[in-house]
Amino acid sequence: MSLKLVYFAIPARAESIRLCLTLGGVEFEDKRLQMDEWAKLKQEVEPKQLPLLYIGDNRVVGQAVALTKYAAKISKFEGKPLYPEDPLLALEVDEFADYVAEIFTAIGATFKMEDEAERQACRLKLVSPGGDIHKWLSYIDNLLGKSKSGFAVGDHLTLADVMTFCQIQPMRSGFLDGVPVTCLDEFKNIQAHKEMMAAIPIIKAYYAVPKMPVYNVFQ
């Protein structure tokens with residue numbers, strides 16, 4: 001069964017999907033669109049939003065969260081599924097992943113702000129002490145600090161680790177105006193987790209292939 005993932009040439013809502021499939025050795029076409037290509041495709045598909053996953057010859061599925069979980073469920077790393085089969089472990093993975101998603105949701109809301117100065121000020125407030133994103137980063141950093149294995153949940157790599165890596169690290173890329181590239185410096189456990197993830201051979205090889213500068217945060 002063929003898979004084709006369609007998104008823009010940035011991490012954002014598709015990177016966790018890409019990395020889950022890559023870790024699992026699942027073959028897929030990674031279609032990265034330019035804006036003019038999306039404008040054309042948008043007239044032809046439902047739902048009219050990205051990412052989209054083409055499954056086989058005639059099925060198209062949307063919604064990033066659903067696609068990320070699907071990618072994790074069909075992917076195994078070192079013989080263990082990225083999305084646990086045990087319901088309780090799966091619940092813990094979902095819980096951790098949802099904490100990470102709170103950050104993504106908060107920063108995503110700022111894209112709706114038309115005034116550039118207002119948008120940048122809002123982002124800076126979010127990542128500064130007392131801001132919502134800073135609070136979530138602190139909470140996640142504390143959870144990682146309690147881990148005896150270094151992994152977000154349990155003793156092996158799961159979707160929770162992939163999302164932590166893929167959705168938090170781009171915040172320090174400089175891609176988001178108003179968010180300082182030093183925004184993660186104080187979160188030592190998050191950064192230690194990043195170093196652990198980046199050292200995994202499959203991940204290291206994946207990000208060694210030249211991409212946009214925003215991807216440098218994964219190396």
Side-chain angles (χ1 to χ4, degrees), residues 1 3-7 10-28 30 50-53 55 61-108 133 136-137 139-171 184 187 189-207 215 217-219:
M1 180 175 60
L3 297 176
K4 181 171 75 170
L5 178 64
V6 180
Y7 195 62
I10 56 174
R13 302 177 71 204
E15 197 63 19
S16 294
I17 305 170
R18 293 171 180 143
L19 192 55
C20 281
L21 296 174
T22 299
L23 284 164
V26 179
E27 292 188 12
F28 72 104
D30 186 7
L50 296 178
L52 294 172
L53 184 67
I55 304 175
V61 184
Q63 293 297 329
V65 174
L67 296 182
T68 303
K69 286 187 178 182
Y70 173 73
K73 288 177 180 179
I74 65 173
S75 300
K76 289 185 177 181
F77 179 71
E78 296 184 344
K80 297 181 179 180
L82 292 177
Y83 192 84
E85 297 173 351
D86 177 83
L88 184 56
L89 279 177
L91 176 61
E92 292 179 15
V93 166
D94 283 340
E95 178 190 27
F96 202 105
D98 283 350
Y99 292 145
V100 175
E102 293 281 0
I103 296 171
F104 197 82
T105 298
I107 204 69
I133 290 179
W136 284 116
L137 288 171
Y139 189 70
I140 292 168
D141 193 69
N142 184 56
L143 290 177
L144 289 172
K146 294 178 180 179
S147 171
K148 296 180 180 179
S149 65
F151 295 110
V153 175
D155 60 0
H156 64 91
L157 191 70
T158 67
L159 173 61
D161 297 293
V162 174
M163 287 190 62
T164 299
F165 183 63
C166 290
Q167 295 196 10
I168 291 180
Q169 289 305 316
M171 292 184 60
L184 299 181
F187 302 108
N189 297 316
I190 288 176
Q191 291 309 92
H193 181 268
K194 175 263 176 184
E195 294 298 326
M196 178 191 73
M197 292 289 289
I200 294 173
I202 293 177
I203 295 178
K204 187 174 183 178
Y206 178 66
Y207 289 112
Y215 280 89
V217 297
F218 298 123
Q219 296 178 338

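All values below were derived from every heavy atom in this structure, side-chain atoms included, with hydrogens, water molecules and symmetry-related copies excluded. Everything numeric here is computed off the predicted structure, so don't read it as measured data.
Among all heavy-atom pairs drawn from Asp161 and Ala152, the shortest one is OD1-N, 2.7 Å. Contact record, Cys20 with Leu159: SG-CD1, 3.8 Å, taken as the closest heavy-atom pair. In terms of heavy-atom proximity, Asp94 sits nearest to Tyr83 at OD2-OH, 2.8 Å. Taking each heavy atom of Val153 and Ala160 in turn, the nearest pair found is CG2-CB, 4.1 Å. Between Ile203 and Ala198, the shortest heavy-atom distance links the atoms CG2-CA, 4.2 Å. Shown here for Ser147 and Gly150, the closest heavy-atom pair between the two residues is OG-N, 2.9 Å.
Side-chain contact between Thr158 and Phe96 is absent, with no heavy-atom pair separated by less than 4.5 Å. The shortest side-chain heavy-atom distance between Ile200 and Phe77 falls under the 4.5 Å cut-off. By the 4.5 Å heavy-atom criterion applied to side chains, Gln167 and Ile103 are not counted as neighbours. For the pair Met197 and Thr164, the minimum side-chain heavy-atom distance is 4.5 Å or more. Residues Leu21 and Ile74 have side chains in contact (heavy-atom distance under 4.5 Å, counting atoms from C-beta outward). Side-chain contact between Val61 and Leu52: absent, with no pair of heavy atoms (C-beta onward) separated by less than 4.5 Å. With a 4.5 Å cut-off on side-chain heavy atoms, Leu82 and Ser75 count as touching. At least one side-chain heavy atom of Arg18 sits less than 4.5 Å from a side-chain heavy atom of Leu5.
A distance of 12.5 Å separates CG of Leu137 from CG of Asn142, quoted to the nearest 0.5 Å. Taken to the nearest 0.5 Å, the CG atom of Leu53 stands 13.0 Å off from the CD atom of Gln63. Going from atom CD1 of Ile168 over to atom CG of Leu184 covers 7.0 Å, rounded to the nearest 0.5 Å. Residue Lys146 holds its NZ atom at 11.5 Å from CG of Asp141, rounded to the nearest 0.5 Å. We find the CG-OH distance between Leu144 and Tyr139 to be 11.5 Å, quoted to the nearest 0.5 Å.
Here the side chain of Gln219 pairs a donor or acceptor atom with the backbone of Tyr207 at under 3.5 angstrom. With Arg13 contributing its side chain and Pro51 its backbone, the two residues share no donor-acceptor pair below 3.5 Å. In this structure a side-chain-to-backbone donor-acceptor pair under 3.5 Å is missing from Asp98 to Glu95. Side-chain atoms of Asp155 do not come within 3.5 Å of backbone N or O of Ser149 as any donor-acceptor pair.
Between Phe218 and Phe165, the angle of the ring planes lies from 30° to 60°, which puts this pair in the tilted group.
In summary, of the residues considered (Glu15, Lys194, Gln191), a side-chain hydrogen bond (donor to acceptor under 3.5 Å, both in side chains) with Gln169 occurs for Gln191 alone. Among Leu19, Thr22, Thr68, the single residue meeting the side-chain contact (heavy atoms from CB on, under 4.5 Å) criterion with Val162 is Leu19.
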